[in-house]
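Everything on this sheet refers to the single structure shown next.
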Amino acid sequence: MILILLLALSAWLLSLIFPWWSLAVPAILLGAALGRTGGSSFGTGFLGIGLLWFVQATYIHLANDGLLVTRIADLFSLPHPWLVILITVLVGGLAGGFSTLTGYLLGKVLSQARKTV
Amino acid sequence: MARNLTQLLISAATTLLLFWLLSIAFGPTPPLGPFFSPSAGFWANAVTSQKSDLQLDMPGGALTETVSVYYDSLGIPHIFAQNDDDLYYAQGYVTARDRLWQMEFQTYAAAGRLSEIIGPSMLEYDRYRRRIGMGCAAEQALSGLVEHPETARAVKAYAAGVNARINELNPAEYSLEYKLLDYRPEPWSPLKTALLLKSMTYTLAGHHHDLQMSNTRAYLGSSFIRQVLDIDPPLNAPVIPPDQKWDFLPVPIQQPDTVFKPSIATKIPPFRPDPHNGSNNWAVSGSKTASGYPILANDPHLNMTLPSIWYAIQLHSPTQNVMGASLPGAPAVIVGFNEHTAWGTTNVSADVWDWYEIVFRDSTLAEYRYNGSWRPTTQRVEKINIKGEPAVVDTVVYTHHGPVVQTSGSKKMRPGIPRYHAMQWIAHKRSNELRYFLELNKARSYEDYREALPHFDSPAQNWVFADHTNIALTAAGKYPLKWNGQGRFIGDGSDPRYDWQGWIPFDHIPSVKNPARGFVSSANQDPTGDAYPYYLDDDFAPYERGRRINDRLAAMDNITPRDLQQLQTDTYSYHAATVLPRLLRDLRKDTLSPLKREALASLAEWDYNNDGELSAPSLFHYWWEALDNAIWDDEYHAVSFPMERPARDQTAHLVLTDSTLSWYDNITTEESETLNMLINRSFHRAFRQLTKEFGPRGPRWKWGQVNNTNLNHLAQIPGLGQPNIFTDGARESINAIRGDHGPSWRMVVAMGPAIDAYGIYPGGQSGNPGSPYYDNMIDDWTRGKLYPLWFMKHRPSSDDSVTYMLNMQ
């Protein structure tokens, strides 16, 4: 849980300055440092970024009275505006999940390398 | 170890692949990663809070003094600057804050550069724009703009303001459309303003019927043209009152002694698009108003899009205080008012685009016949950059007339374009319309208006004018000197007598000031009666709107701004009022089904107003269209080339005056049809057609629905427009809303010590689909409401209701 919040917070801070892919940096680092298993790392990464993007998107959606999301839904021929938020969560979640998993596996290789030396 | 490494490599590769896939665009789909990112993607375009006051530091040395911009509740900026350079800089900056993407996109479209941002699907569009010489036209405009010191300073200051905005943006702040189409803004330049102004000439003076007319003459004969296409319906009321005396000696024009017969050998899809007009303007003198001061009204009709073509603005400096509608991309106010004067426009649509048959010496097109000898052509190389593909190079051949538009391809670039013909077009001439606008914005009197007018070349406009005591109207523009009928048909490109032989002198251009009837008006109809000694064109808007305006204004007294707002949304149809009784008389009623009887009853009691809530206008329009098709389709569809179709009021005139014409007979049947038979058949056909499109007669037959009004997004991006707008009005009414075309700006200005002005347009001040100001005026616009415009004489005080302000220094 702490890992999820830590990831969300650091990814959010980076996104204020850097492009969207900057979320991979904290995901890889946190995955390497704190990841326990492959599955949980992926899940943590998915939830961390997914949750961040969900909260941001939902806040914007509500504060904007749904004006823009309704138009984006029309644009992609989606029957309901909330599907736009769902896609957002999936995009962010997948990016976060795979990055964290890679970080975890990287950490594993690195620690093994250290032991061998 | 090896297993862990393999896992890592697989996972790393998958992650990289995923990030790569999320970073690239697939066809029209934007890159998903950046597009859906809440911090930088489309989410960042959603407006989530009220705007608050801003202190802005512009790049060093850009402004000489502080500029304040006050936004009112409609989102209209009121700019207060201490000199004109700062003023136009701020106008560029402020307009780009709201409309940058639109400004840029319009100039890409004008220049034929859409392939760069959209891809190969736009190549043919771009090629056409290049081939009609839009780049060449814009260069002419630019040289006109920079030649005059005042306009040069204005466009440069404006460009600097736009660039200041572009440079301060980070990608997250780019307009939604940049993110969707995955590109970024490029620097603004005065050439873009020139492109925009010449693009208006394309929109309003980009029509030509030479090929259709030549085909019609060849197929149906000169007698058809005389009997049908030359009809001037008796209700026609020219813009300039017909009793006007033309007390000048016209410039003599050399006319050929024989009629040139073009050797057309083209097969092209029929009919040009509907002429784009529907605009109205008028001014009433103080003798007819409640206040004793003139009132001016204008509603220019254009293709309506989101973002809107207009941007409302007030510009205040020590030399001027002006408000109205501006064109995003150009400095100054285009249609508006200041403390002393008001002005508005409708299109003249004179014939300023002519086609010439060219005899080339050989297939290299290097030389062409002119005045008895061979003349060299020139070439202009056009490089079209294409997104994701190598650039295409196209060489366009120019004669002294202008470019040879189409030389290859079996498909016509546009209907009405003959192959291997050269075009001559007013847009290719050097001009400086901006000078007119800058001067008019500062005008204090009728004399200032007349002094500014000669600078307005194209597209020719009926500029209506009022100050505190005068009203006036001038059909201003640069008109080629032509012999009667010149340029109506394809001309002989080798004969100098088919050249444009100079320009109609400014003092001879149709104009009227303070006429006895107490008002001036225009509605795209014929500018003058037959007594006017110069030839302008044979094809102007039908008479109905102009006639209705004149009838109403003549009958009105003690006029208030409110009365004129109502007149702008008048939906009376002269066309229906004259034609429908005739149709009803001939319709056999005894054999009608009960459903049709009901529909007929609604037509019989209709008051000829194109009211959106009624179904009678729907049935009438479908009936008329079916009748028009029944009369002409047999002749016009018998051939594979396009011919000129009679105008609505010309066909109406025939139907009303002569029931025995041979045109009523359908040449494809044995039977010989009469007008009476066509009227009956077309009634049933119209009923069937409406039932097919909108179901059995019921609420879906309401005219507001059938008229099919949509506000599409400028780049036709789905979801960003506003479809299915329900309104009153139709093409032959003053409120000439039809399909996507309609009153793009409605304005009423009452002159006097305190200007009392109203305005609205179908859209909103913001170009951002994520802003409530993107479309906030549409609903009131459909109801025919105009907003009082806050015309500030001084900077607002702290208790005035300014929404927020920018302080630029």
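Everything quoted here is computed from the prediction, not taken from an experiment. Lettering follows sequence order; numbering is per chain, from 1.
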(request) Name the region of B:Pro723, side chain, backbone, both or neither, that has any atom closer than 4.5 Å to a heavy atom of chain A. (result) neither
(request) Can you tell which part of B:Leu18 gets under 4.5 Å to a heavy atom of chain A, answering side chain, backbone, both or neither? (result) side chain
Around atom [atom1] of [X], are there more than 12 heavy atoms of other residues, nucleotides or ligands at under 6.0 Å?
| X | atom1 | result |
| --- | --- | --- |
| A:Trp82 | CH2 | yes |
| A:Ile2 | CD1 | no |
| B:Gln50 | CD | no |
| B:Phe726 | CZ | yes |

(request) Can you run down the side chain to side chain donor-acceptor pair (under 3.5 Å) pairs that involve residues 19-35 of chain B, sequence neighbours left out, and say none if there aren't any? (result) none
(message) For chain B, which candidate among A:Asp65, A:Leu23, A:Thr70, A:Ile87 shows the most heavy-atom pairs at distances under 4.5 Å?
(response) A:Ile87
(message) Looking at chain B, which one of A:Ala57, A:Ser15, A:Gly92 has the largest number of heavy-atom pairs inside 4.5 Å, strictly under?
(response) A:Ala57
(request) Can you tell me which residue pairs pass the salt bridge (charged side-chain N to carboxylate O under 4.0 Å, His left out) test with a partner in residues 66-82 of chain A, sequence neighbours excluded? (result) A:Arg71-B:Asp775
[X] [atom1] to [Y] [atom2] distance, which is reported to the nearest 0.5 Å:
| X | Y | atom1 | atom2 | value |
| --- | --- | --- | --- | --- |
| B:Thr14 | A:Leu94 | OG1 | CG | 11.5 Å |
| A:Gln112 | B:Arg3 | CD | CZ | 10.0 Å |
| A:Leu106 | B:Ser11 | CG | OG | 9.5 Å |
| B:Asn768 | A:Leu68 | CG | CG | 7.0 Å |
| B:Leu176 | A:Ile72 | CG | CD1 | 5.0 Å |
| B:Ile10 | A:Leu101 | CD1 | CG | 10.5 Å |

(request) Residue by residue, scan residues 39-46 of chain B and write down, ordered by number, those that have a heavy-atom distance under 4.5 Å to chain A; if none do, write 'none'. (result) B:Ser39, B:Phe42, B:Trp43, B:Asn45, B:Ala46
(request) Decide yes or no on side-chain contact (heavy atoms from CB on, under 4.5 Å) for A:Leu75 and B:Leu180, but give the supporting numbers first. (result) CA-CA 10 Å; A:Leu75 173 61; B:Leu180 267 171; 3.5 Å; yes
(request) Indicate the atoms forming the closest heavy-atom contact of B:Leu22 with A:Ala95, along with that distance. (result) CD1-CB, 4.4 Å
(message) If I compare all heavy atoms of A:Val91 with all of B:Gly33, which pair ends up nearest, and what's the gap?
(response) CG1-CA, 4.2 Å
(message) Below 4.5 Å, heavy-atom pairs only: which of B:Ser37, B:Ala12, B:Pro38 has the largest tally toward chain A?
(response) B:Pro38
(request) Flag the one option from B:Gly770, B:Ser49, B:Pro171 with the top tally of heavy-atom pairs under 4.5 Å to chain A. (result) B:Gly770
(request) Tell me, for A:Phe76 versus chain B, whether the close heavy atoms (under 4.5 Å) come from the side chain, the backbone, both or neither. (result) side chain
(request) Using ring-ring contact (aromatic ring centres under 6.0 Å, His included) as the criterion, list what pairs up with A:Trp20, not counting sequence neighbours. (result) B:Phe19
